[in-house]
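Heads up: the structure comes next, in structure tokens.
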Amino acid sequence: MENKKSNIVFYVSLVICAVIAVWAVAFNEGFSAVSNATLAFLTNNFAWLYLIANLSFVIFGLFVGLGKFGSIRLGPDDSRPEYNTLSWFGMLFGCGMGVGLVFWGIAEPISHFVGPAAGIEPGTAEAAAFAMRASYMHWGVHAWGCYVIIGLAIAYFQFRKNRPGMISCALEPLIGEKGAEGWLGKLVDILAVFATVAGVVTSLGLGVMQINSGMNTLFGLPSNLIVQIIIIAIISVIYIGTAVAGIEKGIKVIGDINLYLVFIVMIACFLVGPKIDILNNITGGVGDYINNFFSDSLMITGYGDNSWSLGWRVFYWAWWIAWAPFVGLFVARISRGRTIREFVLGVLLVPCLLSIVWFGIFGSMGLTLGMNGTLSMEALKEAAAAPEVALYLVLQKYPFGTIISVVITVLLCTFFITSANSGTFVLSQLSSQGSLNPPKNRMFFWGIVQSVMAVGMLIAGGLKPLQTVSIAAAFPFIFIMFACMVSVWKALNQEVAGKDDTSKYSGN
């Protein structure tokens with residue numbers, strides 16, 4: 001009976017993914033129309049909720065991490081971290097930001113520069129300052145706040161309470177054990193599987209498009225569907241292999257390599273780039289980010305022009321919520337033995353700081369070319385419209401641009417692999433009743449499913465509809481994440497008050 005129950009999430013999730021994939025590929029026009037209409041309805045009517053929710057996730061995470069619960073360990077009191085801090089950061093960063101960081105590092109600031117929020121003239125110094133502030137906001141603590149909520153809930157109940165690593169189990173203080181094992185719990189876990197598949201597949205597709213663009217720029221390799229399918233096939237062998245090898249022998253190794261490459265690329269680009277502009281934009285941009293934190297977090301108006309906020313800020317907040325089940329579960333899995341304070345500060349602040357430095361360097365490289373006239377507004381608009389090309393277009397204007405482009409293309413591959421292998425691990429965990437070490441055949445299976453879906457979406461003509469529907473499908477996760485906050489708060493208070501006998505959970 002238990003095996004049947006544990007297989008429900010796997011089979012139902014698989015059917016939903018298959019239906020969505022067939023609909024998206026065979027009836028792409030209708031699928032796009034429905035997904036776009038759904039997203040427009042949610043963002044227009046619930047933008048206020050997305051903004052309030054994401055700010056509350058950040059505040060809650062800091063409050064729990066810095067408060068009286070901070071010294072509680074995610075595991076028995078005598079437990080210690082499984083992975084050294086550098087490897088932990090490497091896996092956090094590779095899983096949480098993934099290909100998107102490289103994809104948007106230059107393209108997003110340029111996009112805000114040529115198309116800023118209402119009231120700011122495009123192409124001006126004011127637009128450039130806004131571009132940096134907006135990029136820091138989108139890739140800063142709000143993204144990681146979403147991951148903290150799910151990750152903390154899973155890690156606390158899995159390692160401290162000896163419950164399976166499922167989102168449904170983290171809700172037991174609210175819905176009870178029967179509720180977690182019943183239809184409501186299964187629905188929560190199925191939604192998590194679908195959001196994970198759609199999010200990872202979209203990231204894979206974006207990464208492949210940019211890798212192909214880089215190879216086209218560097219080596220003249222054609223930029224077409226056949227080449228992209230070959231790239232997916234080659235990299236799939238690596239990411240499935242590293243996922244099956246496990247965290248210690250596979251995912252951790254690639255995560256370490258990825259982190260080293262990130263530092264190499266940032267140092268190289270800083271040395272050849274506009275150093276004073278970079279330092280000024282990091283310094284001033286962080287100041288603007290902090291000074292405008294609350295107003296930018298709640299950037300909506302009842303009567304003005306909200307088009308920029310809906311198209312960028314609300315879209316990003318919805319996208320991070322869609323990624324929260326996947327990243328949160330993986331972050332929880334690699335955080336056993338850390339204190340809640342270590343977890344919150346490590347997950348919320350360190351990757352955020354690294355992202356700010358990344359955007360400070362790459363954003364400045366693009367914006368400086370616009371401000372000094374090296375690239376015209378028309379060229380910048382074209383770059384913003386084709387983000388996968390923008391990176392290489394800008395790098396070619398700097399010394400050693402070709403060499404750096406080659407290294408960045410390798411980095412794209414490692415980011416691709418870290419996102420995909422951690423996604424494969426999480427999907428296998430979710431569909432194996434929260435097992436800490438899911439069956440290898442299930443990891444192999446989910447790896448193939450992700451690759452096939454990425455190919456299918458590229459054949460259908462684009463990844464945007466899948467990204468859109470994943471965000472729409474993740475809307476219920478706002479309420480699930482609110483429930484996770486209440487559940488964790490309730491359990492922590494019971495433990496501190498001595499009403500919860502944690503000794504019976506000491507063996508995991």
Side-chain angles (χ1 to χ4, degrees), residues 61 65-66 70-71 73-75 78-102 105 139-141 143-145 147-148 150-152 154-155 159 238-239 241-243 245-271 282 323 326-362 407-408 410-426 436-437:
L66 298 177
S71 60
R73 288 200 176 272
L74 300 173
D78 60 352
S79 61
R80 293 296 180 268
E82 287 184 89
Y83 306 101
N84 68 66
T85 302
L86 188 63
S87 294
W88 186 57
F89 285 147
M91 290 189 282
L92 283 180
F93 193 67
C95 170
M97 294 289 96
V99 171
L101 201 70
V102 183
W139 295 82
V141 294
W144 292 94
Y147 305 157
V148 162
I150 296 292
L152 178 60
I154 296 294
F159 300 131
I238 301 172
Y239 85 70
T242 54
I247 292 180
E248 187 67 38
K249 295 180 179 178
I251 297 174
K252 174 181 171 293
V253 173
I254 297 294
D256 288 346
I257 294 170
N258 189 69
L259 192 63
Y260 296 142
L261 285 175
V262 165
F263 283 117
I264 289 170
V265 166
M266 286 198 299
I267 291 168
C269 287
F270 175 76
L271 292 175
I282 291 175
W323 265 55
F326 151 45
V327 181
L329 274 156
F330 185 73
V331 167
R333 174 61 184 85
I334 61 174
S335 299
R336 180 179 181 176
R338 297 192 179 273
T339 65
I340 289 178
R341 185 170 294 113
E342 283 179 312
F343 178 88
V344 170
L345 294 180
V347 175
L348 195 61
L349 298 182
V350 176
C352 167
L353 292 174
L354 195 53
S355 296
I356 284 174
V357 174
W358 180 277
F359 273 93
I361 294 171
F362 285 93
V407 179
I408 282 187
V410 176
L411 177 62
L412 275 166
C413 294
T414 59
F415 261 130
F416 184 123
I417 294 165
T418 54
S419 291
N421 60 20
S422 52
T424 301
F425 189 93
V426 166
L436 285 171
N437 297 293

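Of all heavy-atom pairs spanning Val102 and Trp358, the tightest one is CG2-CZ2, 3.9 Å. Contact record, Trp88 with Ile334: CD1-O, 3.3 Å, taken as the closest heavy-atom pair. Closest non-hydrogen pair, Arg341 versus Ser71, comes out as NH1-N, 3.9 Å. In plain terms, the two heavy atoms of Cys269 and Ile361 that are nearest each other are CB-CG2, 3.7 Å. Of all non-hydrogen atoms in Arg333 and Tyr83, the two that sit nearest each other are NH1-OH, 4.2 Å. Nearest heavy atom pair, residue Leu329 against residue Ile150, reads N-CG2, 4.2 Å.
Annotation: side chain of Phe359 is not in contact with side chain of Ile282 (no heavy-atom distance under 4.5 Å). Here the side chains of Leu74 and Leu152 are in contact, with some heavy-atom distance below 4.5 Å. You'll find the side chain of Leu345 stays beyond 4.5 Å of the side chain of Val350, heavy atoms only. Taking the side chain as every heavy atom from C-beta outward, Tyr260 and Thr414 never approach each other to under 4.5 Å. Two residues are said to be in side-chain contact when any heavy atoms from C-beta on lie closer than 4.5 Å; Val357 and Phe270 fail this criterion. Considering only heavy atoms from C-beta on, Val344 stays 4.5 Å or farther from Arg338 through its side chain.
Distance check, rounded to the nearest 0.5 Å: CG of Leu66 to CD1 of Ile340 gives 11.5 Å. One distance of note links OG1 of Thr339 with CZ of Arg80; it measures 9.5 Å at 0.5 Å rounding. Put simply, CG on Leu354 and CG on Leu259 are 7.0 Å apart, with the number rounded to the nearest 0.5 Å. Atom SG of Cys413 sits about 10.0 Å away from atom CG of Leu261, to the nearest 0.5 Å. For the atom pair Glu342 CD and Arg73 CZ, the distance stands at 6.0 Å (nearest 0.5 Å). The CG atom of Leu101 sits 10.0 Å away from the CG atom of Leu412 when rounded to the nearest 0.5 Å.
When each of Tyr147, Trp139, Trp144 is paired with Pro351, the side-chain contact (heavy atoms from CB on, under 4.5 Å) condition holds for Trp144 and for no other.
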